[in-house]
2 protein chains.
Amino acid sequence: MVTLKSVAEELGVSLSLVSKVLNGRMGTTNVTPAKVELIKAKAKEMGYVKNSSAVALLSGKQDSIGTFLHCSGVTGSGIMENLLMGISASTYRHHKRQSLCFYGSKEEFLGLAKYASRGRMDGLLVGNITQFVSCEKLLEIQNNGLPIVTMYDRPLHPEITNVGISQVRVGEVGTKHLIEQGCRNIVNINNMDDRLEGYKLALKKAGIKYSKGNVFFVNEHFADNGYGSHVGEQAVKYFMENGVKFDGVVTQSDRETVGAINYLTKIELRVPEDVKVIGVDNSPYCEFMPIPLSSVEQNPGVQGGVATDLLMQKIDKQNVSSVLIEPTLVVRESSGGNQD
Amino acid sequence: MVTLKSVAEELGVSLSLVSKVLNGRMGTTNVTPAKVELIKAKAKEMGYVKNSSAVALLSGKQDSIGTFLHCSGVTGSGIMENLLMGISASTYRHHKRQSLCFYGSKEEFLGLAKYASRGRMDGLLVGNITQFVSCEKLLEIQNNGLPIVTMYDRPLHPEITNVGISQVRVGEVGTKHLIEQGCRNIVNINNMDDRLEGYKLALKKAGIKYSKGNVFFVNEHFADNGYGSHVGEQAVKYFMENGVKFDGVVTQSDRETVGAINYLTKIELRVPEDVKVIGVDNSPYCEFMPIPLSSVEQNPGVQGGVATDLLMQKIDKQNVSSVLIEPTLVVRESSGGNQD
DNA sequence: TTGTAGGCGTTATCAA
DNA sequence: TTGATAACGCCTACAA
């Protein structure tokens, strides 16, 4: 390994001179410019690179943040890719490195948690979905001096900074859009209280009465949390069989939207002419589906970036508080937005 | 920060004793079992975690590998997610950490390259697409003692170990499948020599004559490399307008498959009855499209895992050579596989 | 059975 | 203008 010492010996100068020259720390004095160039050239020639462990040991800073993500997520939605890109871009901006780990079970999470300390990283980002995370463990880690920022829908604990997506707004934005598109009987596929609240809010603001019969509560029909296309399909089927009249469907994922549209098409209802549909995630496939899908974009990239920025501030001992990211409406054909 | 020293002082014992106890290195001698427990308990109570910088400095091992990925990729295909999962799982198995960085330009790549050395990581994984990568730089890094494994279709250089996907096989597997499904006039959307070779190979093995007119060479029609749904659409349109008769289409992505099917549907050709279509990537949306898509899965997760395993071997000074991963056929309705 | 010393590569301070 | 030295936290060999 090429060290400062080896460069210095090669040139017959002292180690500390090489260090100063390479770091541009020569104080007010002048080293011979020729010597400076010589040293720099030699270091480059030998392929010298600073040993980050030594720097970290000395400075007490790792220049690295840890990222623990639950490995699931709605595959194909682009959420994880975008989240990672957002984190990566911010990390790069702050000249830090990112140490990424996935976990799939509580054991794996606790296994990772062992390494979460100042001796290994300057801060920790935890996110994707709350499953398997131990709030006590995170508090313990933070109390041991490692700043943490989580990326969940809502904060796990008042003392742990969180960057979430406003799920109330997710529900509201989609519903509001369909209302503006002329829908008056909007059904909702739901498995999240906040989104239901947003749905109700939008209806209320438009003076439309809320009816419980217009909501398909996923957990009453499926063991899992839904989000798959089969849920969209079943929900629409359920509404039809129960004689619920509707001209709009607010789903909770793009997959559900696909399922809903597949079923509507099968029973010869036209989208968006007869029924308008909007989903959540703005998945990449939205734009090239036979009927392009309108969707509420949750902006995971922004979430990752903001979370990283906040973590950097926390590392710098600044006070930060939890944040909610606003979702964005993306209008395409399934809600009658872009017909030509 | 909790250090060995602080634990030792708290207990009034020596630092080295704590070190020995926590590492289970007490040799043949016996420390009082009670004392061992006491030390362990105290360390846990104080939240002691080994300082990885200090260990790395001492051992010369970072216990960390770097991953440099180009940030593009076919969004929504799940390739990047799966690649990362594969790398992550293997990294975890080897008790290493993964330092992830994305780059989008040559400058960014070279910016990352500066940090690629033994003083920061034990090895380096580079992949996704070859764009902006400097082969000379990688060679320089490797010559400076950092083992590298790339994840590209083909090796950049004989001295840099590569884990690729056999693109010849990708072309062959899809074509062969359509032949087995009864197709005899198979057209091909193409922008990759290896896949074209695979396409020809499959035809040859089946005794079907290759005709250049059956291939839509993407670069003759588009400035970019294609892979989007518009390419599939245009390609099918092109074949129709040129009077090419076909009963099967081998595309080079699932997006192209969607575009092709969209166009075929528009001109009232039925998939898979009249025309069978197969794509590449086995993207998550394949299974819930109105017509579920058959696809050739490139197994990026396996690629990432194998690349990481090989890198670990390289780090251990073992000789390794480049590897090609076999693609896998996934049959669904678009090729007439799963009709019910 | 327990404690001490040296060194990993770097930087900052102080001395020459 | 340049060089020597201590310190960061840990581990290993060796001394007591």
Side-chain angles (χ1 to χ4, degrees), chain A residues 1-40 42-43 46-64 115 117-122 144-146, chain B residues 1-39 42-43 46-64 115 117-122 144-145:
Chain A
M1 178 184 274
V2 183
T3 66
L4 279 184
K5 196 176 168 192
S6 64
V7 175
E9 279 172 358
E10 195 80 12
L11 287 165
V13 296
S14 81
L15 182 160
S16 51
L17 181 60
V18 178
S19 169
K20 282 175 203 162
V21 167
L22 294 181
N23 289 299
R25 292 270 159 69
M26 286 152 299
T28 51
T29 62
N30 295 331
V31 195
T32 336
K35 201 158 212 168
V36 170
E37 286 317 307
L38 185 70
I39 291 175
K40 283 185 175 170
K42 194 74 188 178
M46 295 175 70
Y48 169 76
V49 179
K50 219 178 269 204
N51 184 313
S52 64
S53 302
V55 177
L57 183 57
L58 194 58
S59 69
K61 297 223 145 215
Q62 308 294 323
D63 272 345
S64 162
Y115 301 115
S117 90
R118 298 267 355 187
R120 299 189 154 250
M121 49 185 74
D122 297 326
N144 283 336
L146 189 73
Chain B
M1 180 184 273
V2 183
T3 66
L4 278 186
K5 195 177 167 192
S6 64
V7 175
E9 279 173 0
E10 195 79 12
L11 287 166
V13 297
S14 80
L15 182 158
S16 59
L17 180 60
V18 179
S19 168
K20 281 176 203 161
V21 167
L22 295 181
N23 290 299
R25 292 270 159 69
M26 288 153 295
T28 50
T29 61
N30 295 332
V31 194
T32 335
K35 201 158 211 168
V36 170
E37 285 318 308
L38 185 70
I39 291 175
K42 195 73 187 176
M46 295 176 68
Y48 170 77
V49 180
K50 226 178 266 206
N51 183 311
S52 64
S53 304
V55 177
L57 185 58
L58 194 61
S59 67
K61 296 224 149 215
Q62 308 294 324
D63 273 346
S64 163
Y115 301 116
S117 91
R118 300 261 7 178
R120 298 189 154 252
M121 49 185 72
D122 297 327
N144 283 338

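Labels below follow one simple rule: chain letters A, B, ... track the order of the sequence lines, proteins then strands, and each chain is numbered from 1. The figures that follow rest on heavy atoms only: side chains count, while hydrogens, waters and symmetry mates do not.
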_Under 4.0 Å from OP1 or OP2 of C:dT2: is there any side-chain N or O of B:Lys35 that close?_
yes
*Could you tell me the separation between the CD atom of A:Glu9 and the P atom of D:dG3, rounded to a whole number of Å?*
13 Å
_Main chain of A:Gln62, side chain of A:Asp122: is a donor-acceptor contact present, judged purely on distance under 3.5 Å?_
yes
*Nearest whole angstrom, please: distance from the P of D:dC10 to the CG of B:Asp63.*
15 Å
_Rounded distance (Å) that lies between atom P of D:dC10 and atom CZ of A:Arg120_ = 11 Å
*Measure from the side chain of A:Leu15, starting at C-beta and using heavy atoms only, and say which of C:dT2, D:dC10, C:dT10 lies closest.*
C:dT10
*Distance check: side-chain N/O of B:Ser19 vs OP1/OP2 of D:dC11, anything under 4.0 Å?*
yes
_At less than 3.5 Å, do the side-chain atoms of A:Ser16 and the base atoms of D:dG3 form a donor-acceptor pair?_
yes
*B:Gln62 has an atom CD; how far is it from atom P of C:dC8, in whole Å?*
16 Å
*Write down the distance between CD1 (A:Ile39) and C1' (D:dG3), rounded to a whole number of angstrom.*
12 Å
*Any sub-3.5 Å donor-acceptor pair from B:Arg118's side-chain atoms to B:Gly145's backbone N or O?*
yes
*Atom pair distance, as rounded to whole Å: CE in A:Met1 and C1' in C:dG9*: 9 Å
*asked:* Does D:dC8 have OP1 or OP2 under 4.0 Å away from a side-chain N or O of B:Asn51?
replied: no
*Does any N or O in the side chain of B:Ser59 come within less than 3.5 Å of the main-chain N or O of B:Val55, such that one atom is a donor and the other an acceptor?*
yes
*Would you please confirm or rule out a distance under 4.0 Å between OP1 or OP2 of C:dG3 and any side-chain N or O of B:Lys20?*
no
*Atom CG of A:Asn23 and atom C1' of C:dT13: how far apart are they, to the nearest Å?*
15 Å
_What is the separation between atom CG on A:Leu17 and atom C1' on C:dA15, rounded to the nearest whole Å?_
16 Å
*asked:* Any heavy-atom pair between the side chains of A:Leu4 and A:Leu22 that's under 4.5 Å?
replied: yes
*asked:* So B:Leu58, base contact, sugar-phosphate only, or nothing? Heavy-atom distance under 4.0 Å.
replied: base
*Under a 4.5 Å cut-off applied to non-hydrogen side-chain atoms, are B:Asn23 and B:Lys50 in contact?*
yes
*Picking from C:dT10, C:dT4, C:dG9, which would you name as closest to the side chain of B:Leu57?*
C:dG9
*Taking only the side-chain nitrogens and oxygens of B:Lys5, find out if one of them lies under 4.0 Å from OP1 or OP2 of D:dC8.*
no
